[in-house]
Amino acid sequence: MAKQNGFFSTRLIAWYLKNKRDLPWRKTKEPYKIWLSEIILQQTRVLQGMPYYISFTSKYPTVHQLAAAKEEEVLKLWQGLGYYSRARNLHFTSKIVANELNGVFPQTYAELKKLKGVGDYTASAIASICFDKPTAVVDGNVYRVLSRVFNVALPINTGKGITYFKGLAQELIDHGQPGTYNQAVMEFGARYCVPQNPDCAHCIFNDKCEAFKKNKVSQLPVKLKTLKTKKRYFNYLVVVSEDGKTLLEQRKGKGIWQNLYQFPLVEASKDISEKQLIGTDGFKGFAETVSVKVITKHNDTPIVHKLSHQHLHTTFWIVETTALGEMGVPVSTVGTYPVPVLVSKFLDGFRLKIE
DNA sequence: AATTCGGGGAC
DNA sequence: GTCCCAGAATT
């Protein structure tokens, strides 16, 4: 027999049943809703994801309605949540399930993982919660709880660490109630064994926790640090035409905000003046298609929009032009397009000025 | 194995 | 400023 780790799941589940939050996705075992909730919650706090779960389940009660929607509509509902590939993959997979799988989700880890946007974590979560399969999840909470209770200092962002924690989690899972166990570890990590200043003195594991015994809780889990962020310089050309229209472009190809909309963009290598802007190739190309009358800088100092790996120093330029005709979209409809938060925040302030 | 992909909250 | 969040896909 291996290590005596039965205490772990036993205490954890007892704690969970007493302390768990009343969350909407805990009222169901429908694979569609569990899948939806797990995609929304990837790298996302419960409080941030909650309103999106409500609006998605309300607008698309089953996978069939989601599959019947247009991608742009899905992106619009996802707007503000970030990591937009999740929304694109969500929609793609909904069409697979609705049209090729007769609306029925796979029941095993291996089959679930074949779905786009469903990785190790999500496949384990759905298999355990919906179908009682003993597949252990490993998310940020699990890394933290296990690294502390068992004093494991392997970095969680290396292959060795990932493999080790996955194996440890799999050893610990309760085969009788795997879904409850998985949710219990995550809830415990999110609500009690928190990153900063956990209340170890009153913890259910304070007689077992190896990190607590050795006073190493604050040093775990170990995570190798990543590189610093890069700066980019965005100049958005906010066209306001004589016929009340503006120009929007959809971002294509690779990079951030794929398939979302934005104003025509001139990217530079530093903050630039109006004179410098007019001299860029990007602006010259733009000026070939529209007749520019007046340019006004909207924000005096660049707005710094922070993403995980880049800081976007952004200037919005109001560009008055002659009539755009069929080229433009009515300014009043801009709010119906999915746009990055950077653009949506600008619109919030800009509408007040022009109306 | 490393990098990329958002946005918000806690400190 | 830093770190983290119910991770996955790509290179």
Side-chain angles (χ1 to χ4, degrees), chain A residues 16 20-21 23-26 34-53 75 78-90 92-93 112-126 128-129 136-145 155-163 165-166 169 179 181-191 193-198 218-230 232 251 253-260 304-312 338-345:
Chain A
Y16 176 68
K20 66 176 179 179
R21 289 168 289 182
L23 303 173
W25 47 86
R26 288 187 176 151
I34 298 301
W35 164 70
L36 176 61
S37 74
E38 295 300 347
I39 302 297
I40 287 175
L41 292 173
Q42 286 168 7
Q43 291 293 287
T44 304
R45 292 174 188 281
V46 164
L47 285 179
Q48 187 187 4
M50 183 106 70
Y52 289 84
Y53 177 83
L75 284 171
W78 196 272
Q79 179 178 306
L81 197 53
Y83 285 168
Y84 296 93
S85 66
R86 290 185 293 169
R88 296 191 301 271
N89 290 337
L90 182 84
F92 179 90
T93 293
L112 285 162
K113 258 199 74 169
K114 293 178 181 174
L115 302 175
K116 196 168 291 186
V118 176
D120 285 5
Y121 164 80
T122 304
S124 298
I126 299 173
S128 63
I129 295 171
V137 299
V138 181
D139 74 334
N141 294 305
V142 177
Y143 282 125
R144 189 167 52 254
V145 174
I156 64 173
N157 53 348
T158 64
K160 280 191 173 183
I162 292 169
T163 301
F165 281 103
K166 201 168 293 182
Y181 166 84
N182 275 336
Q183 296 187 76
V185 193
M186 294 190 285
E187 186 81 344
F188 186 71
R191 304 276 291 176
C193 192
V194 291
Q196 306 294 333
N197 304 314
S218 65
Q219 302 171 35
L220 295 169
V222 173
K223 190 174 187 177
L224 272 44
K225 67 175 187 291
T226 57
L227 280 59
K228 62 170 183 175
T229 62
K230 294 178 179 177
R232 298 174 72 181
R251 290 184 68 95
K254 291 187 285 188
I256 58 174
W257 302 332
Q258 195 175 97
N259 292 9
L260 271 65
V304 182
H305 187 73
K306 296 177 180 180
L307 306 181
S308 301
H309 292 84
Q310 42 189 308
H311 289 359
L312 310 176
V339 298
V341 164
L342 172 60
V343 172
S344 121
K345 283 183 175 172

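Below, chain A is the first sequence line, B the second, and so on; all start at residue 1. Since we're looking at a predicted model, the values are computed, not measured.
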Please enumerate all protein N or O atoms sitting under 3.5 Å from an N or O of nucleotides 7-9 of chain B, with distances to 0.1 Å.
unit_1: B/dG7; atom_1: OP1; unit_2: A/Y84; atom_2: OH; d: 3.0
unit_1: B/dG7; atom_1: OP1; unit_2: A/V341; atom_2: N; d: 3.2
unit_1: B/dG7; atom_1: OP2; unit_2: A/W257; atom_2: NE1; d: 3.3
unit_1: B/dG7; atom_1: OP2; unit_2: A/H305; atom_2: NE2; d: 2.9
unit_1: B/dG7; atom_1: N2; unit_2: A/Q48; atom_2: OE1; d: 3.4
unit_1: B/dG8; atom_1: N2; unit_2: A/R45; atom_2: NE; d: 3.4

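- To the nearest whole angstrom, the two P atoms, one in B/dA10 and one in C/dA6, are 12 Å apart.
- The separation between A/W35 atom CH2 and C/dA8 atom P is 14 Å, rounded to whole Å.
- With sequence neighbours excluded, the residues forming a side chain to side chain donor-acceptor pair (under 3.5 Å) with A/K113 are A/D120, listed by chain and number.
- Among the protein residues, A/G49 comes within range of no part of the nucleic acid, since none of its heavy atoms lies under 4.0 Å from any strand.
- The NZ atom of A/K223 sits 6 Å away from the P atom of C/dC5 (whole-angstrom rounding).
- Residue contacts shown for A/R26 include a base, since a base heavy atom lies under 4.0 Å away.
- For the residue pair A/L81 and A/R86, the shortest heavy atom distance occurs at O-NH2, 3.2 Å.
- The side chain to side chain contact (heavy atoms under 4.5 Å, CB included) search around A/L41 returns A/W25, A/V46, not counting sequence neighbours.
- Contact annotation for A/Q310: backbone-only contact, meaning every heavy-atom pair under 4.0 Å involves sugar-phosphate atoms and none involves a base.
- With both ends at atom C1', the span from C/dA9 to B/dG8 equals 23 Å, rounded to whole Å.
- Interface remark: the A/R86 side chain does not form any donor-acceptor pair with the C/dA6 base, using a distance-only criterion of under 3.5 Å.
- A straight line from CD1 of A/I156 to P of B/dA2 spans 15 Å, rounded to a whole angstrom.
- The shortest heavy-atom contact between A/V138 and A/A169 is CG2-CB, 3.9 Å.
- Rounded to a whole angstrom, the distance from the P atom of B/dT3 to that of C/dC3 is 16 Å.
- Residue contacts for A/W78: at a heavy-atom cut-off of 4.0 Å it reaches no nucleic acid atom on any strand shown.
- Taking atom OH of A/Y16 as the reference point, atom P of C/dA6 lies 13 Å away to the nearest angstrom.
- Atom CD1 in A/I256 sits roughly 9 Å away from atom C1' in B/dG6 (whole-Å rounding).
- In terms of heavy atoms, A/E187 sits closest to A/R26 at OE1-NH2, 2.9 Å.
- In this structure, A/Q258 atom CD and B/dC5 atom P are separated by 10 Å, rounded to whole Å.
- Residues passing the side chain to side chain contact (heavy atoms under 4.5 Å, CB included) test with A/N141 are A/D139, A/R144, A/M186, A/A190, sequence neighbours excluded.
- Applying the ring-ring contact (aromatic ring centres under 6.0 Å, His included) rule to A/Y121 yields no partners; only residues at least two apart in sequence or on another chain are considered.
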Where do N or O atoms of nucleotides 9-11 of chain C meet protein N or O atoms at under 3.5 Å, pair by pair?
unit_1: C/dA9; atom_1: OP1; unit_2: A/G117; atom_2: N; d: 2.4

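- To the nearest angstrom, P of C/dT2 lies 8 Å from NE2 of A/H311.
- Nucleotide C/dC3 holds its P atom 10 Å from the CD atom of A/Q196, rounded to whole Å.
- At C/dC4, none of the side-chain N or O atoms of A/R144 fall inside 4.0 Å of OP1 or OP2 (strictly under the cut-off).
- Taking A/N157 as the reference, A/P155, A/K223, A/L224 meet the side chain to side chain contact (heavy atoms under 4.5 Å, CB included) condition, with sequence neighbours excluded.
- When heavy atoms are screened at a 4.0 angstrom cut-off, A/S37 is found touching no nucleic acid atom at all.
- The ring-ring contact (aromatic ring centres under 6.0 Å, His included) check on A/Y83 picks up nothing, with sequence neighbours excluded.
- Scanning for ring-ring contact (aromatic ring centres under 6.0 Å, His included) contacts around A/Y16 gives an empty result, with sequence neighbours left out.
- Contact annotation for A/D120: backbone-only contact, meaning every heavy-atom pair under 4.0 Å involves sugar-phosphate atoms and none involves a base.
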